[in-house]
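The structure under discussion appears below in the form of structure tokens.
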Amino acid sequence: MTIITSPLAEQDRDDTGAVLQSTLVDLLDLSLLAKQAHWNVYGPRFRAVHQQLDEVVTTARDYADQVAERAAALGISPDGRAGTVADSSGLPAFQAGWIADRKVVEDIVQVFSTLIGRMRTRIEEAGRSDAVTQDLLISLTAALEKQSWMFQAENRA
């Protein structure tokens with residue numbers, strides 16, 4: 001049932017909704033992965049990596065809200081339930097337990113690489129159905145690429 005009338009044609013709404021939903025799930029998972037690493041990082045760069053991970057969490061949560069609200073504005077009910085995230089995220093998992101700062105940086109760089117690749121595909125998909133959503137995904141991807149760059153710089157000697 002749709003409560004909100006979409007400005008998009010039905011097929012465009014459905015296509016855009018799929019892009020937004022998969023983005024929402026990945027962003028929620030990113031926030032959880034970064035917070036897990038934040039709690040478990042150790043090593044000589046603990047403080048810097050610990051704080052940098054909080055920036056990732058903030059970025060992921062802020063954009064997750066924007067993505068979910070965009071979906072709602074199009075008449076699509078966003079689904080951010082834990083089970084949905086666990087079942088459909090496309091991001092690599094983090095190990096449980098303590099993680100050395102160098103390993104955290106390597107792992108988060110891999111997560112960003114995966115997510116950015118998925119986002120660039122979604123940008124193309126959204127371009128076929130909704131330019132406003134595409135614009136949101138472009139700004140999100142720019143923010144993710146900035147975070148990725150900063151983490152990549154952490155492990156370069």
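From a predicted model like this one, the values you see are computed outputs, not experimental measurements. Position 1 is the first residue of the sequence, and the numbers go up from there.
Heavy-atom minimum distance, Val49 versus Val104: CG1-CG1, 3.9 Å. Between Arg70 and Thr133, the shortest heavy-atom contact is NE-OG1, 3.1 Å. Nearest heavy-atom pair, Val85 versus Gly80, reported as atom, atom and distance to 0.1 Å: CG2-O, 4.1 Å. Minimum heavy-atom separation, Leu24 to Pro78: CD2-CB, 3.8 Å. Nearest heavy atoms, Gly97 versus Gln36: N-NE2, 4.5 Å. Nearest approach of Arg13 to Ile76, heavy atoms of both residues: O-CD1, 3.5 Å.
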Check your understanding: How far apart are the C-alpha atoms of Thr84 and Leu28, what are their side-chain angles, what is the distance that settles it, and do they pass the side chain to side chain contact (heavy atoms under 4.5 Å, CB included) test?
Key -> CA-CA 10 Å; Thr84 302; Leu28 293 173; over 6 Å; no

Review point. For Glu55 and Lys146, what are the C-alpha separation, side-chain angles and deciding distance, and is it a side chain to side chain contact (heavy atoms under 4.5 Å, CB included)?
Key: CA-CA 11 Å; Glu55 292 175 21; Lys146 179 180 178 183; over 6 Å; no

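Contact check for Val132 versus Leu74: no side-chain heavy atoms found under the 4.5 Å cut-off. Between Asp54 and His38 the shortest side-chain heavy-atom distance falls below 4.5 Å. Residues Thr23 and Arg122 form a side-chain contact, since some pair of their non-hydrogen atoms from C-beta on lies under 4.5 Å apart. Between Asp12 and Asp130, every side-chain heavy-atom pair lies at or beyond the 4.5 Å cut-off. By the 4.5 Å heavy-atom criterion applied to side chains, Met119 and Leu137 are counted as neighbours.
Put simply, Met150 and Val56 are part of two different groups of oily side chains (I, L, V, M, F, W, Y) that touch within less than 4.5 Å, one to the next. Hydrophobic clustering, with ILVMFWY side chains joined whenever heavy atoms are under 4.5 angstrom apart, groups Ile123 together with Val19. Cluster annotation: Ile138 and Leu140 are assigned to the same hydrophobic cluster (Ile/Leu/Val/Met/Phe/Trp/Tyr, side-chain heavy-atom contacts under 4.5 Å, transitive). No path of Ile, Leu, Val, Met, Phe, Trp and Tyr side chains, each step under 4.5 Å between heavy atoms, connects Ile108 with Trp98, placing them in separate hydrophobic clusters.
Distance check: Asp29 CG to Phe94 CZ gives 10.0 Å after rounding to the nearest 0.5 Å. Rounding to the nearest 0.5 angstrom, the gap separating the CZ atom in Arg120 from the CD atom in Glu124 is 9.0 Å.
Residue pairs meeting the ring pair (Phe, Tyr, Trp, His ring centres under 6.0 Å) criterion with at least one member in residues 112-151, sequence neighbours excluded, do not occur. Applying the side-chain hydrogen bond (donor to acceptor under 3.5 Å, both in side chains) test to every pair with at least one member in residues 105-118, sequence neighbours left out, gives these pairs: Asp26-Arg118, Lys103-Asp107, Gln110-Thr114.
Judged as a salt bridge (Lys or Arg N to Asp or Glu O under 4.0 Å), and not counting sequence neighbours, Asp14 has no contacts.
Atom CD of Glu10 has 12 or fewer neighbouring heavy atoms from other residues, nucleotides or ligands inside a 6.0 Å radius.
A side-chain donor-acceptor contact under 3.5 Å links Arg45 to the backbone of Glu154.
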